[in-house]
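Heads up: the structure comes next, in structure tokens.
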2 protein chains.
Amino acid sequence: MQTETEPLVLDEIDRKILAELQEDGRMTNVELARRAGISPPPCLRRVRRLEEAGYIKGYHADTDGHKLGWQIAFFVIVGLESQKLSVLEAFEALVATWPEVRECHMIRGGGDFLLKLVARDAAHENQLTQRLTNAAHVARVQTLQTIRTSRALSGVPMDRLYG
Amino acid sequence: MQTETEPLVLDEIDRKILAELQEDGRMTNVELARRAGISPPPCLRRVRRLEEAGYIKGYHADTDGHKLGWQIAFFVIVGLESQKLSVLEAFEALVATWPEVRECHMIRGGGDFLLKLVARDAAHENQLTQRLTNAAHVARVQTLQTIRTSRALSGVPMDRLYG
DNA sequence: ATATAGACGCAATATAATTGCGCGGGCGCG
DNA sequence: CGCGCCCGCGCAATTATATTGCGTCTATAT
């Protein structure tokens, strides 16, 4: 789950395992083995191998943000007034300290970021966008409020892979 | 994990459980109980309760898309030329059939979507944006290519919650 | 003050995870 | 073409975890 070694050659069974764990990460190894068509011991060894090689980076419960009091999810495109590495890194370091920032993607080669945030309510959202606007070297802030999410798949398609 | 009942009153232990499972969804119940400060049986009962009430929607392995042959991740802002419900739903239904579309968020009240996609390579990415551009009722397509992702947290902050 | 519901932990049982090991197939070398 | 080696499999045994039943305790409402 951390060791990060060489690239592996994955076969059909490995892909099936990845697909199943992407879908249900808490499935028992017995059930996983059944679905993969092999017995539990080699199945577990494959899972461990995938974890150690970094193909599986971790496992996460998918929680209901709305029920947990995070009524709002939104994206923000942030433009910085500089493309200097130090400025970019400072911005990343800053937002990394905000728990409401769940994702931070650098886009278009530098100077711009796409963030995904959550907020407890509209006031909280405004506070967050204000904080972003006032942050050092921030030139532009465009908010994309999520009205509804019709699809939110984790991971990648597991059909026709290279691996 | 699906039954969806009433809202629950969550206490500190429930929040700890959610936080831990959000962080490591495959943790054993014994370890989870240890961290939550209670014994395994009530811990498991709490987890089941959280699943059944929909606070935990599922568990997913976090796979390495890059290693699995999906070199490119990108976002696309799609503007439709109509805000008619039938058009919006048709668009959602269309992209729901594309495995490369991992997320689809309706933004700004209608007519616009933010999608997250993955592609095997640049040619594949171009093909996807072309397909989007040519889709019915699509007026505008803006691509936000991800250069690097400095943060990608799952779920929501689990501090100071309501529940 | 007392009955009641809810949550806990212990103990027992059922399952699952993990390890050791021998077997058999595929591959490369002689 | 045959021989051995390496790898991955499955079985069987062991250890650990998940799950269930149940008696107890505490906070709450009557």
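Chain identifiers are assigned alphabetically (A, B, ...) following the order of the sequence lines, protein sequences preceding nucleic acid strands; residue numbering begins at 1 within each chain.
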Just the table, please: protein N/O against nucleotides 4-8 of chain C N/O, every pair under 3.5 Å.
residue	atom	partner	partner atom	Å
dC8(C)	OP1	Arg46(B)	NE	3.1
dC8(C)	OP1	Arg46(B)	NH2	3.0

Checklist entry - Sequence neighbours excluded, which residues qualify as ring-ring contact (aromatic ring centres under 6.0 Å, His included) partners of Phe75(A)? => result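 Only His105(B) meet the ring-ring contact (aromatic ring centres under 6.0 Å, His included) criterion with Phe75(A).
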
What pairs with [X] under salt bridge (charged side-chain N to carboxylate O under 4.0 Å, His left out), at least two apart in sequence or on another chain?
X: Glu81(A); result: none
X: Asp112(B); result: Arg108(B), Arg140(B)
X: Arg34(A); result: Glu31(A)
X: Glu103(A); result: none

Please give, in whole Å, the distance from [N] [atom2] to [X] [atom1]?
X: Leu44(B); N: dA14(C); atom1: CG; atom2: C1'; value: 13 Å
X: Met27(B); N: dA18(D); atom1: CE; atom2: C1'; value: 16 Å
X: Asn29(A); N: dA16(C); atom1: CG; atom2: P; value: 10 Å
X: Glu31(B); N: dA17(C); atom1: CD; atom2: P; value: 16 Å
X: Leu10(A); N: dG8(D); atom1: CG; atom2: C1'; value: 15 Å
X: Leu32(A); N: dC9(D); atom1: CG; atom2: P; value: 13 Å
X: Glu51(A); N: dA17(C); atom1: CD; atom2: C1'; value: 13 Å
X: Arg34(B); N: dT17(D); atom1: CZ; atom2: P; value: 11 Å

Next on the checklist: My understanding is that a hydrophobic cluster links ILVMFWY residues whose side chain heavy atoms are under 4.5 Å apart, including indirect links. Using that, what else belongs to the cluster containing Leu153(B)?
Outcome noted: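 Members alongside Leu153(B): none; it stands by itself.
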
Next on the checklist: Taking transitive links into account, so neighbours of neighbours count too, which hydrophobic residues share a cluster with Val138(A) at under 4.5 Å side-chain distance?
Outcome noted: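 Other cluster members: Ile72(A), Phe74(A), Val76(A), Val78(A), Leu80(A), Val87(A), Leu88(A), Phe91(A), Leu94(A), Val95(A), Trp98(A), Val101(A), Met106(A), Phe113(A), Leu115(A), Leu117(A), Leu128(A), Leu132(A), Val141(A), Ile147(B).
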
Closest approach to the side chain of [X], judged atom by atom: which nucleotide of [options] is it?
X: Thr28(B); options: dC10(C), dT18(C), dA18(D); value: dA18(D)
X: Arg48(B); options: dT20(D), dA18(D), dA17(C); value: dA18(D)
X: Val30(B); options: dT19(D), dT17(D), dA16(C); value: dT17(D)

Next on the checklist: According to side chain to side chain donor-acceptor pair (under 3.5 Å), who are the partners of Glu23(B), at least two apart in sequence or on a separate chain?
Outcome noted: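 Glu23(B) satisfies side chain to side chain donor-acceptor pair (under 3.5 Å) with no other residue.
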
Next on the checklist: Test of understanding: with side chain to side chain donor-acceptor pair (under 3.5 Å), list the residues that count as partners of Gln71(A), not counting sequence neighbours.
Outcome noted: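 For Gln71(A), the residues satisfying side chain to side chain donor-acceptor pair (under 3.5 Å) (neighbours in sequence not counted) are His66(A).
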
Checklist entry - Between the two ends of the helix from dA1(C)-dT30(D) to dG30(C)-dC1(D), what is the bend in degrees, rounded to 10 degrees, where each end axis spans five pairs? => result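 For the helix from dA1(C)-dT30(D) to dG30(C)-dC1(D), the axes at either end differ by 30°.
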
Please write out each protein N/O paired with an N/O of nucleotides 24-26 of chain D under 3.5 Å, distance rounded to 0.1 Å.
none

Next on the checklist: Please report the interatomic distance CZ(Arg35(B)) to NZ(Lys16(B)), rounded to the nearest 0.5 Å.
Outcome noted: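 The NZ atom of Lys16(B) is 7.0 Å from CZ of Arg35(B), to the nearest 0.5 Å.
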
Item to check | Intermediate values then yes/no, side-chain hydrogen bond (donor to acceptor under 3.5 Å, both in side chains), Tyr59(B) and Gln22(B) | outcome: CA-CA 9 Å; Tyr59(B) 302 89; Gln22(B) 212 170 245; over 6 Å; no

